[in-house]
Novice: 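First the structure, which I've put down as structure tokens, then a few questions once you've had a look.
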Amino acid sequence: MGKVLVVDDSMLIRQKVSDFLLSKGHTVFDAEDGASGIDIFKKDPHFDLIITDLNMPEMNGIEMCSALKALEVPLPPIFMLTTETNPELKTRGKAAGVNGWIVKPFSEQKLSILLESVFKK
Amino acid sequence: MSSKFGFVGFPSNEIESLVKTGALSEINLKKGQVVTTTEDLMTAIKGPAFVIGAIINVDRLSDSEKNLINENAKAIGFPVGLYGEKSNIDRLSPELLSVSKNLGKFAISDLEGSTKIFRQSLFPSYVRTITKESIKFILPKVFPDMSADFNEVEKDSGQYNILVNCENHGAGIFSAISISVDSAALKNLNDTYRGIDQVILLDYGKELANQIFGAINFNLNQIDIYSRVALPVALVGSPGSGWRITSRHFRPSIRLELANKVMSFQVEFMAKTTNDIWNQLNSSKLTFNAPEESIEIF
């Protein structure tokens with residue numbers, strides 16, 4: 001079981017993703033924007049997975065990934081959970097250290113695929 | 001938005017008086033631009049502007065002006081309201097007539113009827129299809145037990161007190177969604193929503209707007225149109241009060257109201273009419289694709 005950071009400005013999505021992860025036995029921390037996500041990560045960077053939204057106030061998901069990369073500490077896999085499907089954003093995400101892209105709407109099936117890919121390694 | 005947004009009229013004492021008296025705003029047109037020569041008319045419609053239509057009094061055109069309009073008929077590309085003698089109208093290019101509405105004798109009521117025609121005809125057919133299907137697909141995912149049983153309406157009839165707005169921008173397109181919610185009606189719908197907190201309701205509304213655009217954009221990507229969703233914003237009023245609209249821009253739009261009047265969706269969409277995007281949006285035979293299976297591991 002792992003420790004997961006969920007970052008999304010939507011309470012609905014944070015709740016749904018967290019409930020699913022908790023039901024699978026994972027420990028979950030959550031944040032409502034990129035800046036808060038970084039604060040949580042800095043306090044204890046030993047996460048196994050980060051799932052983040054892209055469009056958020058204060059700091060968006062790609063900006064958060066760039067800031068995490070700049071910390072120069074080992075990072076867990078980072079997955080974007082977003083409505084955005086623009087290839088240009090995916091390219092920018094990759095450059096910022098994003099490891100995968102999940103398009104909303106949220107589904108347990110999609111998260112299961114993601115968890116399998118991360119935790120079987 | 002461009003200052004050319006609205007109607008252009010030529011040669012149009014009538015349009016000018018409508019602008020001066022503010023009558024255009026009564027039929028949801030924010031602005032009308034009055035031009036006095038055919039050259040100005042052509043300049044207005046050829047620019048990168050969101051011109052939604054033109055009113056032309058054909059009887060007042062000289063032969064050289066008719067020729068100029070005929071020569072540029074293809075470039076006009078948006079609905080034109082023609083009024084005047086039939087014999088004069090018939091002398092215009094068939095290409096122009098194919099996008100025109102013959103208003104006959106000019107009257108404000110004709111113009112009001114024409115705004116409806118313009119608003120509907122300038123909302124691209126492919127976008128209309130994917131908008132309706134996106135709402136049907138996303139609504140029950142964000143609001144469980146909610147059926148997207150909606151009607152296309154001219155005006156809302158529900159008593160809405162929450163308004164969520166979200167914009168979506170891309171190269172050559174601009175779109176926006178306004179979701180109106182009657183919180184009292186929602187709470188009375190079933191036990192799922194009976195005790196829902198208003199803060200959570202606003203959060204659901206914003207996520208709904210975000211995901212509807214996500215589904216719309218996923219489909220626009222199929223025809224190589226890429227845009228980006230902005231952050232949604234929400235406004236709250238007193239339950240049952242309904243919104244008092246004090247000012248509205250005219251934009252090509254559709255309005256979909258749920259049969260139970262718990263929610264209403266107005267989706268506006270503007271695209272450049274002078275490039276390939278417009279043709280793609282109106283001629284695509286693609287059907288709606290749900291973004292369900294989209295997961296990509298880099």
Side-chain angles (χ1 to χ4, degrees), chain A residues 8-17 32-34 49 51 53-62 65 77-118 120-121, chain B residues 130 134-144 164 166-171 173 177 196-234 289-298:
Chain A
D8 200 306
D9 58 329
S10 166
M11 281 186 286
L12 172 69
I13 300 300
R14 289 203 306 275
Q15 188 71 51
K16 280 188 170 184
V17 175
E32 63 184 14
D33 57 50
L49 172 66
I51 300 172
D53 189 14
L54 199 163
N55 295 326
M56 296 181 286
E58 300 299 328
M59 179 184 277
N60 73 36
I62 291 176
C65 291
I78 303 174
F79 281 77
M80 204 63 79
L81 176 61
T82 177
T83 56
E84 297 287 359
T85 50
N86 190 327
E88 185 194 330
L89 287 173
K90 288 182 186 176
T91 302
R92 284 171 51 195
K94 271 187 203 175
V98 174
N99 301 92
W101 203 274
I102 306 171
V103 176
K104 290 180 182 176
F106 162 86
S107 81
E108 293 187 351
Q109 188 190 2
K110 285 181 195 172
L111 275 198
S112 294
I113 295 169
L114 166 63
L115 294 177
E116 197 178 320
S117 75
V118 171
K120 76 178 179 186
K121 290 174 183 173
Chain B
I130 61 174
S134 294
I135 292 173
K136 282 181 191 171
F137 176 67
I138 296 293
L139 180 63
K141 294 190 181 299
V142 177
F143 284 86
V164 177
C166 188
E167 294 182 351
N168 185 46
H169 306 260
I173 69 157
I177 187 168
I196 191 169
D197 185 88
Q198 184 158 275
V199 174
I200 294 174
L201 182 51
L202 294 181
D203 180 72
Y204 278 35
K206 289 195 280 189
E207 188 60 22
L208 177 62
N210 181 36
Q211 291 200 20
I212 287 171
F213 266 139
I216 288 172
N217 286 346
F218 183 77
N219 282 273
L220 289 177
N221 291 352
Q222 316 300 315
I223 53 172
D224 294 326
I225 293 176
Y226 299 97
S227 55
R228 185 164 179 189
V229 189
L231 289 173
V233 291
N289 272 323
E292 273 184 306
E293 303 305 323
S294 182
I295 177 167
E296 195 174 342
I297 295 172
F298 300 147

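Letters A, B, ... mirror the listed sequences (proteins, then strands); counts begin at 1.
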Novice: Find the distance between CZ (A:R14) and CG (B:D203) and round it off to the nearest 0.5 Å.
Specialist: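 Going from the CZ atom of A:R14 to the CG atom of B:D203 covers 7.5 Å.
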Novice: At a 4.5 Å cut-off on heavy atoms, which part of A:L89 comes close to chain B: side chain, backbone, both, or neither?
Specialist: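 Looking at A:L89, just its side chain touches chain B.
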Novice: Heavy-atom cut-off 4.5 Å, strictly under: side chain, backbone, both or neither for B:N221 against chain A?
Specialist: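 The answer is the side chain of B:N221.
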Novice: Flag the pair A:V98 / B:F298 as yes when at least one side-chain heavy-atom distance between them is below 4.5 Å, and no otherwise.
Specialist: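 Contact flag for A:V98/B:F298 side chains = yes.
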Novice: Which atom names give the shortest non-hydrogen contact between A:N86 and B:S227, and what distance separates them?
Specialist: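 Smallest heavy-atom distance, with atoms named: ND2-O, 4.2 Å.
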Novice: Between B:I200 and A:Q15, is a side chain to side chain contact (heavy atoms under 4.5 Å, CB included) present by the stated rule, with each step listed?
Specialist: CA-CA 11 Å; B:I200 294 174; A:Q15 188 71 51; over 6 Å; no
Novice: Checking heavy atoms, do the side chain of B:K141, its backbone, both or neither come under 4.5 Å from chain A?
Specialist: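 Both backbone and side chain.
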Novice: If you measure from OG on A:S112 to CD1 on B:I295, what distance do you get to the nearest 0.5 Å?
Specialist: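 If I round to the nearest 0.5 Å, the distance is 9.5 Å.
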Novice: Considering only heavy atoms, which portion of B:F213 lies under 4.5 Å from any heavy atom of chain A: side chain, backbone, both, or neither?
Specialist: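 For B:F213, no heavy atom lies under 4.5 Å from chain A.
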Novice: What part of A:M56 is in contact with chain B, defined as an atom under 4.5 angstrom from a non-hydrogen atom: side chain, backbone, both or neither?
Specialist: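 Just the backbone, heavy atoms under 4.5 Å.
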Novice: Could you tell me if the side chain of B:K206 sits less than 4.5 Å from the side chain of A:L12, heavy atoms only?
Specialist: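 Result no, sub-4.5 Å side-chain heavy-atom pair not found.
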Novice: Taking side chain as everything from C-beta outward and backbone as N, CA, C, O, which of these in A:D9 sits under 4.5 Å from a heavy atom of chain B? Side chain, backbone, both or neither.
Specialist: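 Answer is both: backbone and side chain atoms of A:D9 are under 4.5 Å from chain B.
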Novice: Given heavy-atom pairs under 4.5 angstrom as the criterion, report whether the side chain, backbone, both or neither of B:E207 touches chain A.
Specialist: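 Just the side chain, heavy atoms under 4.5 Å.
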Novice: In terms of heavy-atom proximity below 4.5 Å to chain B, should A:P57 be classed as side chain, backbone, both, or neither?
Specialist: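 Interface part for A:P57: both.
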Novice: So do the side chains of A:L54 and B:R228 get within less than 4.5 Å of each other, counting heavy atoms only?
Specialist: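 They are in side-chain contact.
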Novice: At their closest point, which heavy atom of A:T83 faces which heavy atom of B:Q211, and how far apart are they?
Specialist: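 Smallest interatomic distance, heavy atoms only, reads CG2-CA, 3.7 Å.
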Novice: Which bit of B:L220 comes within less than 4.5 Å of chain A, counting heavy atoms only: side chain, backbone, both or neither?
Specialist: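 Contact with chain A is absent: no heavy atom of B:L220 under 4.5 Å.
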Novice: Strictly distance-based, threshold 3.5 Å: is any side-chain N or O of A:E84 a donor or acceptor partner for the main-chain N or O of B:V229?
Specialist: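 The answer is yes, because a donor-acceptor pair under 3.5 Å joins these two groups.
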Novice: Measure A:N99 against the heavy atoms of chain B and call it side chain, backbone, both or neither at under 4.5 Å.
Specialist: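 Backbone only.
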